[in-house]
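Okay, so here's the structure we're looking at.
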Amino acid sequence: MATFAMFLNVFEHRYEIRSSTAIFCYYLLSLIAGSITTRTLSEVSSGSTTTTTTLYYVYLGLIIIGFIIEAWPRGKTQVQQKSNASSYEKANIFSRFLFHYLQHLITDGYKRPLQATDVQGMMPPHVKTQFSYTHLSQKWDRHVAKRVAKGKRPFLFGLILKSFGVRQWAYVVFLRILASGLAFVAPQLMSTLLDFVSSYDTETPQSAALGIILAFGMFFSTIGSSIIDGQFNQRIVVMGIEVRTALVSMIYRKALKLSPVAKQTETPGEINNYMSVDCERWNHAFPELPFWFSIPLEICIATWLLYRQLGWSSFGGVGAVVLVMPIQLWIAKRLSRARDEKLTAMDNRIRLINEVLSGVKIVKLYGWESSFRDKIAVFRQLELAILHTIGVIFSYMNILFSSMTLLMALVSFGLYATVGGPGFTPGEINSQTIFVSITLFGLVNRPIGMISYIMGDTIGLYVSSRRIQGYLLAEELLDDQIDRSGELPQDHTVAPIEIQGATFGWNKEQQQQRQQIDTTEDATKGSALSCADATLRNITISVDRGNLTAIVGRVGQGKTSLFGAMIGDMYKWKGTIRMSGRIAYVPQQAWIVNATLQDNVTFGAPFDKIKYERIIYASGLKPDIEMLPAGDQTEIGERGINLSGGQKQRVSLARAAYQDADIYLLDDPLSAVDAHVDQHLWQNLIGPRGLLKDKTRLLVTHGIHHLSEVDQIVVIKDGEISETGRYQELIDARNAFYQLIQDYSVARKEMDEANGEAETIYEVEISTSSAAHEVKAEKVEKADENADLTDEEAMVVGSIQWPIYKIFTKAAGYRNMLQAVALFVVIQGCQIGTNIWLQSWIKVAATSTHGIGYYMGIYSILVIIFMVLIFCASYKIIVMACVQAADRLHSKLLTSILRMPMNFFDTTPIGRVLNRFSSDIFSIDEMICWTFFDMFMFGFSVLGSLVVIATTTPVFLAIVPPVFVTYVFVMSYYIAASRAFKRIESVARSPMYQHFSETLSGVSTIRVVGCSQRFIDENASRSDDSSNAHFVWAMGNRWLNVRLECLGSVIVLGASVFAVLARKTLSPSMVGMSLSYALTVTQDISWLVRGMCESQFHLVAVERIDEYTKKNQEAPNVTDVALPKNWPAEGHLSFKSYSTRYRQGMDLVLKKVSFDVLPGEKVGIVGRTGAGKSSLTLALFRIIEAANSHWAKASHNGADMDEDPAKAAEVTDLEKVEVEEDGGSIWIDGIDISTVGLETLRQHLAIIPQDPTLFVGTVRENLDPFDQTPDSELWEALERAHLKEYISSMAGGLSYEVTQNGDNFSVGQRSLICLARALLRKAKILVLDEATAAVDVETDELIQRTIREEFKDRTILTIAHRIKTVMDSDKILVLEKGRVEEYESPSELLKRKESLFYRLAEQAGEVASV
């Protein structure tokens, strides 16, 4: 049989990637049987060796060799090297038992810093999203259908537990029970060993061999328990990860299908919390669930063993536990409620932080940092108050957990010593009874004490599951709203877009209400009433194949909503809508992903060079690509942060064109571009002769200069189509459209002139600099160098440095930490004192003159003191120190982030910052306190145990140095890798959150283009990377735990062997106390080392927060410069040879700009996209600083380049740039603004920004976040901004709630709210940064009239795409390539036909109107 096994072994190594578990078990069982046989042979052998005996020993030798070969971890066989399987899959059973499959990572981590690539592919394949999602989602869908059919609410928590099946749960529970059962073997062997020692006080001492066998029995039982416990943890952790990956994918997929109503209740911040907190809880709390099966068994076994020691008196201790159980249940319920409240407060905080980060440029432009910091602080203080409550609850729980052993011993020993003997006589007090009972009390205390924690974690899981369940049950978009076909109709005469008598709304409840009203007798009246609530009513429209249809109307009339209806984002209340063919969608606010420009255009489609270049030309992107640092390989930041508004819109257009769709929905894409770019896009892309001329196009536009060239015009008014027809038909009808054209039309050239003009437009853009081609060549040459905008997230290497400990300790309070240490010293002294007191009692029990009351009284006092001290220490650590640290660190992080310069947000994804505020702050809030508590508690416990053991058996000190050195080596050997595991895990989460945040911003585009699956796959990949990192970290903990507990078993072995060797000189009481501490110290050392390691893990969160708090910040908000009263009183603005760049090391965006604006002057700023118009605004508000100025350098966060010797040459070259000698200055009313505090400056200027941004809250809060203005002034501002009527009609008026990103307002309405903000500020200088780009020409005229009337005595800088907007300005500033090309009055510039402004005005059709 052995020969056959070895034969199989050879073939197995040749063809299998892992050793056979069956062969391993065969060898193991053969060895066990062989050891028994060998002992039997040695007992019966007469000294002679027979042939049979010799053959047996040969057989046994082969078995040993086979076992070694089979058990030896292998990973370099040919079949393994060729396999792509994970290390876990290749590991044999012995390697899995000892977690040796991680050994190469631990070794590498000890030798060098580990990187994310080192840990890839370690996770078992069945845990990956592809499998876990399919498994759980299918069961969830069937479960929901079944429960809904029965009228019951689905139950996600129960479904997850059921999804693993009976077989898997049975195996896990078996391992848990087996590990728990083995833990009771050592106390029983200890009891027998004490009998053995006691026998030497009698005339019949037992054999020394028995003592050695018992000592080794204790050794192997503790090792066996550790290995089984490790296997249990491995399996349950994998199950937890499996749940987490499945839930993350389900949450992500759900986000792509949320209905409009669901989006209002499920904000991105809340959804982010579902992923970052609720899903993560399954990783951390799921391993606790099987203890519900093992705890009752552990309690029963311990109670039975205690009964054997103390008789019925043991039930007194159990009774004490039963009396405490209601308290534990009450604590668990209170803890559940507190945790639920904390998660809600955290949701609100993260939502608000997410909003601030998304609109951080607006926050800075308005100088609202302090306002939002105060708002966030309100939610944070609520969180901290709840955290304080949780800390108090945990302090009481710690009394139950830490003091239960002593409390049970107090009650049981009191009963036993008084009436515990036969016939209710006093029981016999001896070492075996006392110390074996204490050990058993310790064993029963663990499951009893864990009940509160397990209950808390279980309730926490239930709460998280309930939150996720509510989200998964949220309403989805209905598939039956639109009759959609992916192919164009075969019949060319059939319109690809057809809507008949349709009414649409954003609210489903109104739809249901309408249906209810329609069923009443007065159906007609009810329908009319309900339709009044609809957004779009009685829509009938047909768009023929290849037609170009323009949709026009005033702001807020429903133009964008019509597109929302066509793509399925709205509820169809009645009517029909049919869309045939593939759809491409260009939203009004361009959605850009964090990728290269080329990837943004191709958007997952195969790259076709000819097609790509044709589209780039048609989209007018060629000049922009030439100017980008690495051409089209330049990385575009999150939200297109490093592109201008016009560039983002053209990238969005190019993406749509590249999709080669059949239907194009273009939502006002021309509003964000300059007039000449508008002409280029019309002629080359959108218009009748453009690249998309054969496609069906719907164009929302506020411009009227192209309407004569479209095939059909649809006029929308008050949510209804008021007119439809061709341009001339509508003119002849002489209705509202005719009036609009008459009032706001400009002179147009003939079509053939426009055609010739189209060729010159492009020339104007690219030939204004003779060095354009040279620039392109230079940029492409250094493409690889500057392509990336967003760097990989930095990961610190090496150990957690002492300064990090100091940062946390300082935040927690030095006094708090020192007092906590002192308390733990006294606690340990008190704990040892109780055992010393019991040992003293045992010694004099038979001869003492004191009664039982004396000994029990002192013991009771010691127990009560211990309980009080435990509460004080817990309160000091968890509540006073850690809550204070959490408050200070969060406040420090928040303040630092809000004070970061804008270039930080340009290069840092929001997900990366949110990770600090969610996962890292969560670690500080709820995890670090426990690591410090464990370190102090178990550190002093281990020290006290070693002192007791060494005092009892001094020879034990001989093994302390080697064991100590081994412990230190194992910990240092492991901790280097484990730190890296934790850092990799922390870093791996950020890309997942970043991608998720990015997806939420572009859900409509993703869904319409039909690339949902690609984004789902990307999310799965990032989720798997994060889960794999967590798996490696968790299994690394098991690797350490097995080795630590094996070393702890050596201490047990040493203490018991030395007790056997000194059996004649030691009293049983001394041996009992020594062994009791030896059995305890094994677990204590494991908890201590684990606590020390976890402190480093969780201090990574402090390290990551400290990284951001140490980054360079922008200039101070307030300075000591004395400003004149009411500064600026005049509004005199002066740029003096001003140059600037967005970040150090980049090209200048403004170069030697000099011009003066006199008080009250109106200056129009024009220039092609990317000429530097918006940069001028940012410079005025000091969002960017003057080149080479003090604050440009001081706020730069690219210190890495300066410190890298390899890049010294680059730094030297940078310093040689001539312009950096003087970046110039900006003066307002004789004050250099670089000397003024940022908040002071920004709050004394007014701006209507290019991207109108609203925040969640009321309309009042969006207008006046500081709550300084009475309502009457707010209403007056809204009236002047032409919004009073609309806001008045909304429920609540000024208290009307603005949803996420202001989605319940159109972009034009948001612009008007920004106008109202500017009216309220009453600043002497107003900047209009393309403020009216998103409004129709009629509203634009109203706004311009308001500006002329309300700001007539103020200095106004107007950046506009529409040349008409700035034609009445006092002066025109023409920018080109970041330089001032022209600066004169419009009339003067128009006199010179060679001027750049003349050409721009000519292309816009404004020359003839002058």
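All values below come from the heavy atoms of this structure, side chains included, with hydrogens, waters and symmetry mates left out.
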Point to revise | Flag side-chain contact, heavy atom, 4.5 Å: Ser358 against Ile910 | key: yes

**Study point:** Test item: Asp920 and Tyr1108 side chains (from C-beta on) under 4.5 Å apart, heavy atoms
**Key:** no

Review point. Is a side-chain donor-acceptor pair under 3.5 Å present for Arg1260 with Ser1295?
Key: yes

Report all side-chain donor-acceptor pairs from residues 878-888 shorter than 3.5 Å, counting only partners two or more places apart or in another chain.
residue: Gln884; atom: NE2; partner: Ala811; partner atom: O; Å: 3.2
residue: Gln884; atom: NE2; partner: Ala812; partner atom: O; Å: 3.2
residue: Arg888; atom: NH1; partner: Lys810; partner atom: O; Å: 3.2
residue: Arg888; atom: NH1; partner: Ala811; partner atom: O; Å: 3.3

Check your understanding: Parallel, tilted or perpendicular: which describes the rings of Trp1033 and His1030, with under 30° parallel and over 60° perpendicular?
Key -> tilted

Review point. In terms of the angle between their ring planes, are Phe372 and Trp368 parallel, tilted or perpendicular, with boundaries placed at 30° and 60°?
Key: tilted

**Study point:** Residues forming a side-chain contact (heavy atoms from CB on, under 4.5 Å) with Leu818, sequence neighbours excluded
**Key:** none

Practice item. Determine the minimum heavy-atom distance between Glu1239 and Gly367, stating which atoms define it. Key: CG-O, 4.2 Å

Review point. Once the angle between the rings of Phe932 and Tyr805 is folded into 0 to 90°, is it parallel (under 30°), tilted (30 to 60°) or perpendicular (over 60°)?
Key: perpendicular

Practice item. Determine whether Val356 and Glu369 make a side-chain contact, defined as any pair of heavy atoms from C-beta on separated by less than 4.5 Å. Key: no

Exercise for review: Indicate the ring-plane relationship of His995 and Tyr252, choosing parallel, tilted or perpendicular according to the 30° and 60° boundaries.
Suggested key: parallel

Review point. Would the number of heavy atoms belonging to other residues, nucleotides or ligands and lying under 6.0 Å from NZ of Lys254 be above 12?
Key: yes

Check your understanding: Do Glu1107 and Arg916 sit within salt-bridge range, that is, some charged N less than 4.0 Å from a carboxylate O?
Key -> yes

Review point. Judged by modelled atom types alone, do Ser1026 and Arg244 share a side-chain donor-acceptor pair under 3.5 Å?
Key: yes

Exercise for review: Measure the acute angle between the ring planes of His890 and Phe917, then classify it against the limits of 30° and 60° as parallel, tilted or perpendicular.
Suggested key: perpendicular

Point to revise | Shortest non-hydrogen separation from Thr1109 to Ser896 and the atoms involved | key: CA-OG, 3.3 Å

Review point. Got Met900 and Phe905 here, is their nearest side-chain heavy-atom distance under 4.5 Å?
Key: yes

Practice item. With side chain to side chain contact (heavy atoms under 4.5 Å, CB included) as the test, would you mind laying out the steps for Phe922 and Glu280 before giving the verdict? Key: CA-CA 11 Å; Phe922 179 79; Glu280 291 297 330; over 6 Å; no

Practice item. Hey, could you give me each pair passing salt bridge (Lys or Arg N to Asp or Glu O under 4.0 Å) that has a residue in residues 371-400? Not counting sequence neighbours. Key: Lys342-Glu383, Arg349-Glu383, Arg380-Glu383, Arg380-Asp925

Practice item. State, to 0.1 Å, how close Glu355 and Leu1254 come at their nearest heavy-atom pair, and which atoms those are. Key: OE2-O, 4.1 Å

Check your understanding: Relative to each other, are the rings of Tyr274 and Tyr471 parallel, tilted or perpendicular (30° and 60° limits)?
Key -> tilted

Check your understanding: Are Phe996 and Arg1022 close enough that some pair of their side-chain heavy atoms sits under 4.5 Å apart?
Key -> no

Review point. Are any non-hydrogen side-chain atoms of Ile1313 and Gln1309 less than 4.5 angstrom apart?
Key: no

**Study point:** Shortest non-hydrogen contact from Ile468 toward Cys279
**Key:** CD1-SG, 4.1 Å

Point to revise | Pair Glu288-Thr458, side-chain donor/acceptor within less than 3.5 Å | key: no

